[in-house]
Structure formats: C-alpha cells, structure tokens
Amino acid sequence: ILTVVVPSPPSGVGAATPPSVLPGGSTLLTVTVTPGTLPPSTGLAVVADLSTVGGSAPQSFFDDATNGDVTAGDDVFSYLWTVPAETALGSKSLPFTVTDLEGRSGGGDITLNVVELSMLVISQVYGGGGNTNAPYLNDFVELFNRGTSAVDVNGWSIQYTSATGTSWGSQKVVLASVPTLVPPGG
C-alpha cells in the first residue's frame, strides 16, 4: 500500500458575532485558521476586505488578545468592528485571505447582515375576549411594521397576567399555518 501525503495550504472559516448588526453597532469578526501542512505553517496572517461595511481593504486580523481577539495564539484571528452609521443595509460578503511564511494562502468569506432597527409596533390590543358581554370571543394583539424590511416574529411570545394574578404566564405566538414575516406596512 502506497500512501501519498500531499502538502496543504492554510485555510479558514469566517464568522461574525453577532451575525446581524445595526448601522453604528459592533460585531466581532473571526477567522478560525487551520494551518497548512508539509511543511507546517509558520507566521500565519489573516486579512479581510471590509470596504463593503465602511472599513479598510485590507484589514489585518489579530491572534494576540487585542482588537477583540479573546485568546492569543489559538489560531482564531479576530477584529472587533463598529459598522459606520451610513453603511447600506443588506447582507455583506467580507472576503478574507489566510497566508503563511511558506508562501501559501487560502481564503473564504465572512457574512455580515446590516439591518435596520425593527419598526414593529403593537397597534391594537384586546384582552377581554370570552368575557360575559364581550364583543369578541378571543383576545388579540395586532402588530404593524412601520419599517422598510420584513420582521420575523417566529418564536416571539406574549406575556400576560390576570388583574389579580401573582405570576406571569406565556402564550407563544403560533403562526404555523401562515408566514411569520410581517412585511413593511403589514
């Protein structure tokens, strides 16, 4: 049996935490690096193009417990970024490159979503449903989206208690048979 071992370049997996941010908000951009082999990588470095979110191209990332990096020397290269207030909304692809002193490179993308402040408001509440002489059989809460983007209410809940209650209850917003996105103006 012949085993052929092939050299590999360094590679990385990018992430943004949180993955969605308001203009003016901060996110920790990271690239988790797998060093190259044969020979092992030395002098690893990561740069990314942050120009689509108002940053530099190239922007160096750090693995030295500075600039948002949590642990020095763990091959997780980081950069804490505050998205400028004038950044356009939408999904952004931030390409990165991983290099080593052996002259090899790899790359990938970090996805960051720049979102607007939710403009979802409660426009009506009716809590008397089912009571004697009540005009409606059920309670309801009506939401209105004043924004320009749809808002996903999947997993949201409504908290309630009776006038004489001593604890809070919860009723999940269950929209299983209809979309959970509230469209702009909806």
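- Note: T34 OG1 to D75 CG = 8.0 Å, rounded to the nearest 0.5 Å.
- N113 contributes no side-chain N or O that, together with a main-chain N or O of V115, makes up a donor-acceptor pair within less than 3.5 Å.
- You'll find the side chain of V76 stays beyond 4.5 Å of the side chain of T71, heavy atoms only.
- Rounding to the nearest 0.5 Å gives a distance of 9.0 Å between OG of S93 and CD1 of I110.
- Looking only at distances, a side-chain donor or acceptor of D63 sits under 3.5 Å from a matching main-chain atom of G73.
- Taking CG of L89 as the start and CG of L22 as the end, the distance is 9.0 Å to the nearest 0.5 Å.
- Nearest heavy atom pair, residue P23 against residue A85, reads CB-O, 3.3 Å.
- At least one side-chain heavy atom of F144 sits under 4.5 Å from a side-chain heavy atom of R146.
- Closest approach of D109 to P95, counting heavy atoms only: OD1-CA, 3.2 Å.
- Under the 4.5 Å side-chain criterion, counting only non-hydrogen atoms from C-beta, Y79 is in contact with L50.
- In terms of heavy atoms, P184 sits closest to G147 at CB-O, 3.3 Å.
- When every heavy atom of A16 is checked against every heavy atom of L112, the shortest pair comes out as CB-CD1, 3.9 Å.
- The backbone N or O of S8 lies less than 3.5 Å from a partner atom in the side chain of R104, making a donor-acceptor pair.
- The neighbour count for L38 CG, taken as heavy atoms of other residues, nucleotides or ligands under 6.0 Å away, is above 12.
- Nearest heavy atoms, D49 versus A57: OD1-CB, 3.1 Å.
- Two different hydrophobic clusters hold V53 and V47 under the rule that ILVMFWY side chains link at heavy-atom gaps under 4.5 Å.
- No side-chain donor-acceptor contact under 3.5 Å links T99 to the backbone of S105.
- Between the side chain of W81 and the main chain of G55, no donor-acceptor pair closer than 3.5 Å is present.
- Residues L143 and V125 share a hydrophobic cluster, clusters being chains of Ile/Leu/Val/Met/Phe/Trp/Tyr side chains in contact below 4.5 Å.
- For the residue pair S26/T82, the side-chain donor-acceptor check at 3.5 Å is satisfied.
- Between Y126 and Y136, the ring-plane angle classifies as perpendicular under the 30° and 60° cut-offs.
- Between F61 and A48, the shortest heavy-atom contact is CE1-CB, 3.5 Å.
- Grouping the Ile, Leu, Val, Met, Phe, Trp and Tyr side chains by contacts below 4.5 angstrom, directly or via other members, places L80 apart from F62.
- How far CG of L29 is from OG of S78: 9.0 Å, rounded to the nearest 0.5 Å.
- If you take NZ on K92 and OG1 on T111, they are separated by 12.0 Å, rounding to the nearest 0.5 Å.
- Atoms CG and CG, from L101 and L44 in turn, are 8.0 Å apart once rounded to the nearest 0.5 Å.
- Within the 3.5 Å criterion, the main-chain N or O of D64 finds a donor-acceptor partner in the side chain of D69.
- No chain of hydrophobic side-chain contacts below 4.5 Å, direct or via other Ile, Leu, Val, Met, Phe, Trp or Tyr residues, connects L28 to V114.
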